[in-house]
Participant: 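What follows is a single structure, and I will ask about it in a moment.
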There are 2 protein chains.
Amino acid sequence: MSNSEDKTVPVIGVDVPVEGILSVEKAQRMAEFFGVLGDPNRWRILSALALKELRVGELAEAVDMSESAVSHQLRVLRTMRLVSYRKQGRSVYYCLKDDHIFNLYQEASEHLDEPDD
Amino acid sequence: MSNSEDKTVPVIGVDVPVEGILSVEKAQRMAEFFGVLGDPNRWRILSALALKELRVGELAEAVDMSESAVSHQLRVLRTMRLVSYRKQGRSVYYCLKDDHIFNLYQEASEHLDEPDD
DNA sequence: CAGATACTTGAACAGTTATTCATGGATAAT
DNA sequence: ATTATCCATGAATAACTGTTCAAGTATCTG
């Protein structure tokens, strides 16, 4: 656990965490972020957008949810900057913002696929 | 997004996702996992254990929670195999199970530190 | 054995969250 | 202009989650 603003010790090019327990504030931010990824429908939305840019209506059909529900969830994903959008006429096209989500997915998959001890 | 059991296309040693929308089951598993990381106190517990192996009581004091609350949370972390433990006398020592948690932390930190567009 | 310590567990309660439903705003079509 | 379409939003409700509290198990001590 380390990032640019935290106290770390560089060892062979790798940051080794020296910091103590996460501050309540940092823990809160982490939790808020991961909490957004703690909903199955949001994952389905993200995976749909991983394929291609989609309008809200198309997205709703793709993941079998109401447009309203999808719209609510897109707002959550927007505030966490996981998706971005562009308006065209009365349509709004959404897409994934960056590929952090891919790395998180992969890391989680690896963990979940690990054999039990 | 890819893992060993999903349909992927190998390109230069990297799996490129071809699969469609995540199945409800897979999305559910992802959500359950990330949901566990969606609580600030669990992050504080994990960060404490990142420093060193700790007993439940020590952990409770370190993160300023009741022993009961910590114990409940440890059970959650255990079921997601994020922590492991060993008993010694009447004490139970907990520690991080693997370093996936570090990678997830780092990936999330990077995302959160990204500048707005 | 009796009591103390370390931890776990179940129930209950408060706070949070995700959906639905109804509505409103903006743009396009007729 | 009127109507239809696409999407966003607020309120309400049902479901879920995390803590506390009370009790229970296991181990150690005197």
Side-chain angles (χ1 to χ4, degrees), chain A residues 21-22 24 27-49 52-95, chain B residues 21-22 24 27-49 52-95:
Chain A
I21 296 164
L22 245 48
V24 176
Q28 189 78 49
R29 267 178 292 147
M30 281 290 146
E32 275 170 22
F33 176 68
F34 283 100
V36 169
L37 301 179
D39 179 85
N41 285 333
R42 280 195 288 263
W43 272 106
R44 281 166 57 77
I45 289 171
L46 290 170
S47 69
L49 294 178
K52 58 181 262 203
E53 189 183 50
L54 287 171
R55 298 184 312 164
V56 176
E58 295 173 326
L59 203 39
E61 191 180 20
V63 300
D64 195 34
M65 296 173 61
S66 73
E67 284 192 6
S68 177
V70 168
S71 189
H72 277 294
Q73 299 296 26
L74 285 171
R75 188 161 61 87
V76 174
L77 295 172
R78 238 160 42 215
T79 62
M80 277 303 164
R81 299 182 335 194
L82 287 166
V83 300
S84 58
Y85 65 99
R86 68 184 173 86
K87 294 183 179 177
Q88 181 181 306
R90 46 189 169 181
S91 293
V92 181
Y93 287 86
Y94 281 84
C95 62
Chain B
I21 295 165
L22 245 47
V24 176
Q28 189 79 47
R29 268 179 291 149
M30 280 291 148
E32 274 169 23
F33 176 68
F34 283 101
V36 169
L37 301 180
D39 179 84
N41 285 333
R42 281 196 285 263
W43 272 107
R44 282 167 56 78
I45 289 171
L46 289 170
S47 69
L49 294 178
K52 58 182 260 203
E53 190 183 48
L54 287 170
R55 299 183 309 165
V56 176
E58 296 172 326
L59 204 39
E61 191 180 20
V63 301
D64 194 34
M65 295 172 62
S66 74
E67 282 193 7
S68 178
V70 168
S71 188
H72 276 294
Q73 300 296 26
L74 285 171
R75 187 160 63 87
V76 175
L77 295 172
R78 237 161 42 215
T79 62
M80 278 303 164
R81 299 179 335 189
L82 288 165
V83 300
S84 57
Y85 65 99
R86 68 184 174 85
K87 295 184 180 178
Q88 181 180 308
R90 43 189 170 180
S91 294
V92 182
Y93 288 86
Y94 280 85
C95 63

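Throughout, a chain's letter reflects where its sequence line sits, starting with A, and its residues are numbered from 1.
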Participant: Output yes when at least one side-chain N/O atom of A/Gln88 is less than 4.0 Å from OP1 or OP2 of C/dT27, else no.
Facilitator: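 Indeed not, no polar side-chain atom of A/Gln88 lies that close.
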Participant: On a heavy-atom basis, which atom in A/Asp39 and which in A/Gln73 lie closest, and how many Å separate them?
Facilitator: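 Closest approach of A/Asp39 to A/Gln73, heavy atoms only: OD2-NE2, 3.9 Å.
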Participant: Rounded to the Å, how far apart are A/Gln28 CD and C/dT16 C1'?
Facilitator: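 One finds 12 Å between C1' of C/dT16 and CD of A/Gln28, rounded.
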Participant: Checking all strands, does A/Ser71 fall into the base, sugar-phosphate, or nothing category for heavy-atom contacts under 4.0 angstrom?
Facilitator: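 If one applies the 4.0 Å heavy-atom cut-off, A/Ser71 turns out to touch a base.
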Participant: Give me the ring orientation class for A/Trp43 and B/Phe34: parallel if the planes are under 30° apart, tilted from 30 to 60°, perpendicular past 60°.
Facilitator: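 A/Trp43 vs B/Phe34 ring planes: tilted.
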Participant: Under 4.0 Å between a side-chain N or O of B/Arg90 and OP1 or OP2 of C/dA4?
Facilitator: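 For C/dA4, neither OP1 nor OP2 has a side-chain N or O of B/Arg90 closer than 4.0 Å.
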Participant: When we call it a touch if two heavy atoms are under 4.0 Å apart, what does A/Tyr85 touch: a base, just sugar-phosphate, or nothing?
Facilitator: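 Nothing: the residue A/Tyr85, judged by heavy atoms under 4.0 Å, touches no strand.
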Participant: Of the non-hydrogen atoms in B/Pro40 and A/Ala31, which two are nearest, and what is the gap between them?
Facilitator: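 Here B/Pro40 and A/Ala31 meet closest at N-CB, 3.3 Å.
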Participant: Reckon A/Tyr94 touches a base, only the sugar-phosphate, or nothing at all at heavy-atom distances under 4.0 Å?
Facilitator: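 Touches sugar-phosphate only.
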Participant: To the nearest Å, give me how far apart CG (A/Leu77) and C1' (D/dC7) are.
Facilitator: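 That distance rounds to 16 Å.
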Participant: Just the rounded figure in Å: distance from C1' of C/dG25 to NZ of A/Lys87.
Facilitator: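 Going from NZ in A/Lys87 over to C1' in C/dG25 covers 10 Å.
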Participant: Taking only side-chain nitrogens and oxygens of B/Arg75, does any of them come within less than 4.0 Å of OP1 or OP2 of C/dC7?
Facilitator: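 No, no such contact exists.
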Participant: CD1 of A/Ile45 versus C1' of C/dT19: gap in Å, rounded?
Facilitator: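 Whole-Å distance recorded here is 12 Å.
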Participant: Can a donor-acceptor pair under 3.5 Å be found between the side-chain atoms of B/Ser68 and the base atoms of D/dC21?
Facilitator: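 Indeed, a donor on one side and an acceptor on the other fall under 3.5 Å apart.
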Participant: Expressed as a whole number of angstroms, how long is the span from A/Asp64:CG to C/dT19:C1'?
Facilitator: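 That distance rounds to 14 Å.
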Participant: Locate the shortest heavy-atom distance separating B/Arg42 from B/Gly35; write the atom from each residue and the value.
Facilitator: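 Reported closest heavy-atom pair: NH2-O, 3.4 Å.
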Participant: Just how far, in rounded Å, is P of D/dC21 from CE of B/Met65?
Facilitator: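 Result: 14 Å.
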Participant: Taking for each residue the nucleotide of DNA chain C bearing the nearest heavy atom, is the 5' side occupied by A/Gly35 or by B/Tyr93?
Facilitator: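 Checking each residue's closest nucleotide, the 5'-ward one belongs to B/Tyr93.
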Participant: With respect to the phosphate group of C/dT19, does any side-chain polar atom (N or O) of A/Asn41 fall under 4.0 Å of OP1 or OP2?
Facilitator: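 Indeed, a polar side-chain atom of A/Asn41 lies that close.
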Participant: Once you round it to whole Å, what is the distance between P of D/dA15 and CG of A/Asp39?
Facilitator: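 From A/Asp39 CG to D/dA15 P: 16 Å.
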Participant: Quick one: pull up CG in A/Leu74 and CG in A/Leu82 and give me the separation to the nearest 0.5 Å.
Facilitator: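 Reported to 0.5 Å precision, the distance equals 11.0 Å.
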Participant: Nearest whole Å is fine: how far is D/dA8 P from A/Leu59 CG?
Facilitator: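 About 10 Å, once rounded to whole Å.
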Participant: Which one, C/dG10, C/dT5, D/dG10, comes nearest to the side chain of B/His72?
Facilitator: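 From the listed options, C/dG10 comes nearest.
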Participant: Sub-3.5 Å donor-acceptor pair from the side chain of B/Arg55 to the main-chain atoms of B/Ser91, do we have one?
Facilitator: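 Side chain of B/Arg55 to backbone of B/Ser91: no pair is present.
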Participant: Is any side-chain nitrogen or oxygen of B/Ser66 closer than 4.0 Å to OP1 or OP2 of D/dT20?
Facilitator: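 True: B/Ser66 side-chain N/O within range (under 4.0 Å) of D/dT20 OP1/OP2.
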Participant: Let me know, please, whether B/Ala69 or A/Leu74 comes out on the 5' side of the other along DNA chain D by nearest nucleotide.
Facilitator: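 So the residue in question is A/Leu74.
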Participant: Report yes if a side-chain nitrogen or oxygen of A/Arg42 is closer than 4.0 Å to either non-bridging phosphate oxygen (OP1 or OP2) of C/dA18; otherwise report no.
Facilitator: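 Yes.
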